[in-house]
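Notes to accompany the following structure.
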Amino acid sequence: MSRKLRIGALASGGGTNLQAIIDRCQDGSLPAEIVLVISNNQDAGALERANRAGISTLCIDHRRHASREEFDRAVVGALQEAKVDLVILAGFMRIISEIFVEAFPNRIMNIHPALLPAFPGLHVQRKALEYGVRFSGCTVHFVDIGTDTGPIIIQAVVPVLDADTEATLSARILEQEHKIYPRAIQLFAEGRLRVEGRRVSIDPPDDRCPPSLVNPAIH
Ligand code: GRF
């Protein structure tokens, strides 16, 4: 049997994405194991979820480090010591530096609750509503040195409804996040992701897309 992919996860918040991935590792549908969860926030729900699942945790407080680079060196050191193959950012509220990206080239993934390159950064569900887009969604991408700019692996489209509030739109997007993040990790674990420049191809491909999505639907 081939060795399971070793994942290191970074999270600052509640950790529902982390939980979705833990669940898929535990039920055996994802050939991977989360070996370490790191947070910069000791109160992160993600740490509690990891503890409950018997995963090692580490809190590295960014306020105790003089610079972003110094904090990143501590995080990278812990991830290397844990011999992780892939790093996943799951609601990690820190911008990571070049030191981190260079330590794990094309081996760091992030989930973002919008259809990149639209609405990078923070509070993006609110921004999508305010802008009046008909579709938003979520994106799993490899991390490069920009913010939310790396090569895109998977996106899910979520229609924006007239009655939506920031909370209802966020909840529908989150539901899709919980599906596409484990899937992107699975493709990585299966060795099916090829990165060329900005484009990520999936080999062999997953070609079951509808030809288009229209909102409001035309009947
Ligand atoms: C998600 O919306 C994710 O896209 C964003 O931060 C949120 C984290 O949620 N990066 P959770 O902690 O996984 O519940």
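Scope of the values below: all heavy atoms of this structure, side chains included, with no hydrogens, waters or symmetry mates. Ligands are counted one by one from 1 in listed order, and the atoms in each one are counted from 1 as well. Owing to the predicted nature of the structure, the values given are computational and were not obtained by experimental measurement.
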>> If the contact criterion is a heavy-atom separation under 4.0 Å, does G14 count as touching ligand 1?
In response: yes
> Any idea which atoms of ligand 1 are less than 4.0 Å away from a heavy-atom of G91?
Replying inline: 6 (O), 8 (C), 10 (N)
Report all side-chain donor-acceptor pairs from residues 76-93 shorter than 3.5 Å, counting only partners two or more places apart or in another chain.
from : atom 1 : to : atom 2 : distance (Å)
D85  : OD1    : R3 : NH2    : 2.9
D85  : OD2    : R3 : NH2    : 3.3
D85  : OD2    : R6 : N      : 2.6

> Do V158 and S136 come within less than 4.5 Å of each other through their side chains, counting heavy atoms only?
Replying inline: no
>> Looking at every heavy atom in both L193 and A184, which two are closest together, and how far apart are they?
In response: CD1-O, 4.0 Å
> Got the closest protein heavy atom to atom 11 (P) of ligand 1, with its distance?
Replying inline: T16 N, 3.4 Å
> To the nearest 0.5 Å, how far apart are CG in L161 and CG in N215?
Replying inline: 7.0 Å
> If we only count N/O pairs under 3.5 Å, is G15 in contact with ligand 1?
Replying inline: yes
> Mind checking whether N110 has an N or O less than 3.5 Å away from an N or O of ligand 1?
Replying inline: no
>> Please enumerate all residues that pass side chain to side chain contact (heavy atoms under 4.5 Å, CB included) together with A53, with sequence neighbours excluded.
In response: I22, Q26, I55
>> Under 3.5 Å between any N/O of I111 and any N/O of ligand 1: does that happen in this structure?
In response: yes
>> Using a 3.5 Å cut-off on N or O atoms only, is Q125 in polar contact with ligand 1?
In response: no
